[in-house]
Asks: 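Structure below; questions to follow.
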Amino acid sequence: MEKLITLTIISPAGQLTEQFNVKMKVGAVKTRAMAHFKIDPSTADRYWLRYQQTRLDNNKTLEEYNIPNGAQLYLETRPPAAG
């Protein structure tokens, strides 16, 4: 049986509260959040998720980070490089 947790993802564009499978990779959670906030997926490499003081690795699962039910994650970005 899959284990679901409810996460709130907070970004400058607002917030998303949704259930996620603990086996999901952080990158997939980030992509789902970006779609919700209507952020261009081609800019995904400029975004990351942070939990408390930890910047999460896209290739690890929520379970590997032991993210608890009800946690708040922050969708953060660095500004585009000046061209």
Side-chain angles (χ1 to χ4, degrees):
M1 189 175 125
E2 60 183 34
K3 184 175 174 202
L4 299 174
I5 57 173
T6 300
L7 300 176
T8 298
I9 298 169
I10 298 167
S11 87
Q15 67 181 43
L16 164 68
T17 300
E18 204 167 298
Q19 286 196 315
F20 295 91
N21 188 315
V22 295
K23 303 276 189 213
M24 266 182 91
K25 291 200 184 292
V26 168
V29 174
K30 178 184 79 171
T31 303
R32 190 192 292 182
M34 288 178 67
H36 173 82
F37 296 124
K38 299 183 174 26
I39 298 169
D40 181 350
S42 72
T43 63
D45 60 341
R46 290 209 302 262
Y47 289 84
W48 62 86
L49 287 173
R50 179 175 59 80
Y51 173 60
Q52 295 174 337
Q53 302 308 313
T54 304
R55 183 169 165 174
L56 304 178
D57 181 328
N58 285 332
N59 296 313
K60 290 193 171 180
T61 65
L62 296 170
E63 189 173 55
E64 285 176 278
Y65 279 112
N66 205 17
I67 306 283
N69 189 44
Q72 291 185 331
L73 303 183
Y74 295 85
L75 181 66
E76 299 183 334
T77 184
R78 58 180 180 268

Asks: If hydrophobic clusters are built by linking Ile, Leu, Val, Met, Phe, Trp and Tyr wherever their side-chain heavy atoms come under 4.5 Å apart, do M34 and V26 end up in the same one?
Replies: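 Shared cluster, yes.
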Asks: Mind checking side-chain hydrogen bond (donor to acceptor under 3.5 Å, both in side chains) for N69 and listing every partner two or more places apart, or none if nothing turns up?
Replies: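 Partners of N69 under the side-chain hydrogen bond (donor to acceptor under 3.5 Å, both in side chains) test: none.
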Asks: Is it possible for you to check whether K30 lies under 6.0 Å from the centre of the six-membered ring of Y47, through NZ or CZ, and within 45° of that ring's axis?
Replies: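 No, K30 and Y47 do not form such a contact.
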Asks: Holding to salt bridge (Lys or Arg N to Asp or Glu O under 4.0 Å), I want the full list of residues that pass it with E76, two or more places apart in sequence or in another chain.
Replies: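 Partners of E76 under the salt bridge (Lys or Arg N to Asp or Glu O under 4.0 Å) test: R50.
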Asks: If the threshold is 4.0 Å, N to carboxylate O, is there a salt bridge linking E63 and K23?
Replies: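 Salt bridge: yes.
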Asks: Using the side chain to side chain contact (heavy atoms under 4.5 Å, CB included) criterion, which residues pair with P68? Sequence neighbours excluded.
Replies: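 Scan of P68 (side chain to side chain contact (heavy atoms under 4.5 Å, CB included), adjacent residues dropped) gives Y51, A71.
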Asks: Once salt bridge (Lys or Arg N to Asp or Glu O under 4.0 Å) is applied, what residue pairs with a partner in residues 4-15 remain, sequence neighbours excluded?
Replies: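 Of all non-adjacent pairs touching residues 4-15, none passes salt bridge (Lys or Arg N to Asp or Glu O under 4.0 Å).
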Asks: Scan for salt bridge (Lys or Arg N to Asp or Glu O under 4.0 Å) pairs involving residues 6-16, sequence neighbours excluded, and state none if there are none.
Replies: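 Qualifying pairs: none.
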Asks: Do the side chains of I9 and V29 get nearer than 4.5 Å, heavy atoms only?
Replies: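 Side-chain contact under 4.5 Å: yes.
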Asks: Quick one: side-chain hydrogen bond (donor to acceptor under 3.5 Å, both in side chains) partners of Y74, sequence neighbours excluded?
Replies: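 Testing Y74 for side-chain hydrogen bond (donor to acceptor under 3.5 Å, both in side chains), a comparison that skips the adjacent residues, returns Q72.
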Asks: Run the numbers on Q19 and I5 for side chain to side chain contact (heavy atoms under 4.5 Å, CB included), then give the verdict.
Replies: CA-CA 5 Å; Q19 286 196 315; I5 57 173; over 6 Å; no
Asks: Indicate every side-chain donor-acceptor pair of residues 52-59 with a distance under 3.5 Å to a residue at least two apart or in another chain.
Replies:
from: D57; atom 1: OD1; to: N59; atom 2: N; distance (Å): 2.7

Asks: Output all residues satisfying side chain to side chain contact (heavy atoms under 4.5 Å, CB included) with K25, sequence neighbours left out; order by chain, then residue number.
Replies: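 For K25, the residues satisfying side chain to side chain contact (heavy atoms under 4.5 Å, CB included) (neighbours in sequence not counted) are T61.
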Asks: L75 and side chain to side chain contact (heavy atoms under 4.5 Å, CB included): which partner among L49, I10, L16?
Replies: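 Of the listed residues L49, I10, L16, the side chain to side chain contact (heavy atoms under 4.5 Å, CB included) partner of L75 is L49.
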Asks: Under the salt bridge (Lys or Arg N to Asp or Glu O under 4.0 Å) definition, can you give me all pairs with a residue in residues 5-22, not counting sequence neighbours?
Replies: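 Qualifying pairs: E18-R32.
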Asks: With sequence neighbours left out, which residue pairs that include part of residues 5-14 fulfil the side chain to side chain donor-acceptor pair (under 3.5 Å) condition?
Replies: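 Counting only pairs at least two positions apart or across chains, the side chain to side chain donor-acceptor pair (under 3.5 Å) contacts touching residues 5-14 are T8-T17.
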Asks: Only counting residues at least two apart or in another chain, list the ones meeting side-chain hydrogen bond (donor to acceptor under 3.5 Å, both in side chains) with Q15.
Replies: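 Not a single residue meets the side-chain hydrogen bond (donor to acceptor under 3.5 Å, both in side chains) criterion with Q15.
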Asks: Quick check: closest heavy atoms across L62 and N21, and the distance to 0.1 Å?
Replies: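 Heavy atoms only, the tightest pair is CD1-O, 3.6 Å.
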Asks: When the side chains of residues 37-45 are checked against the rest of the protein, which donor-acceptor pairs come out under 3.5 Å, sequence neighbours left out?
Replies:
from: D40; atom 1: OD1; to: S42; atom 2: N; distance (Å): 2.8
from: D40; atom 1: OD1; to: S42; atom 2: OG; distance (Å): 2.9
from: D40; atom 1: OD2; to: S42; atom 2: OG; distance (Å): 3.0
from: T43; atom 1: OG1; to: D40; atom 2: O; distance (Å): 2.6

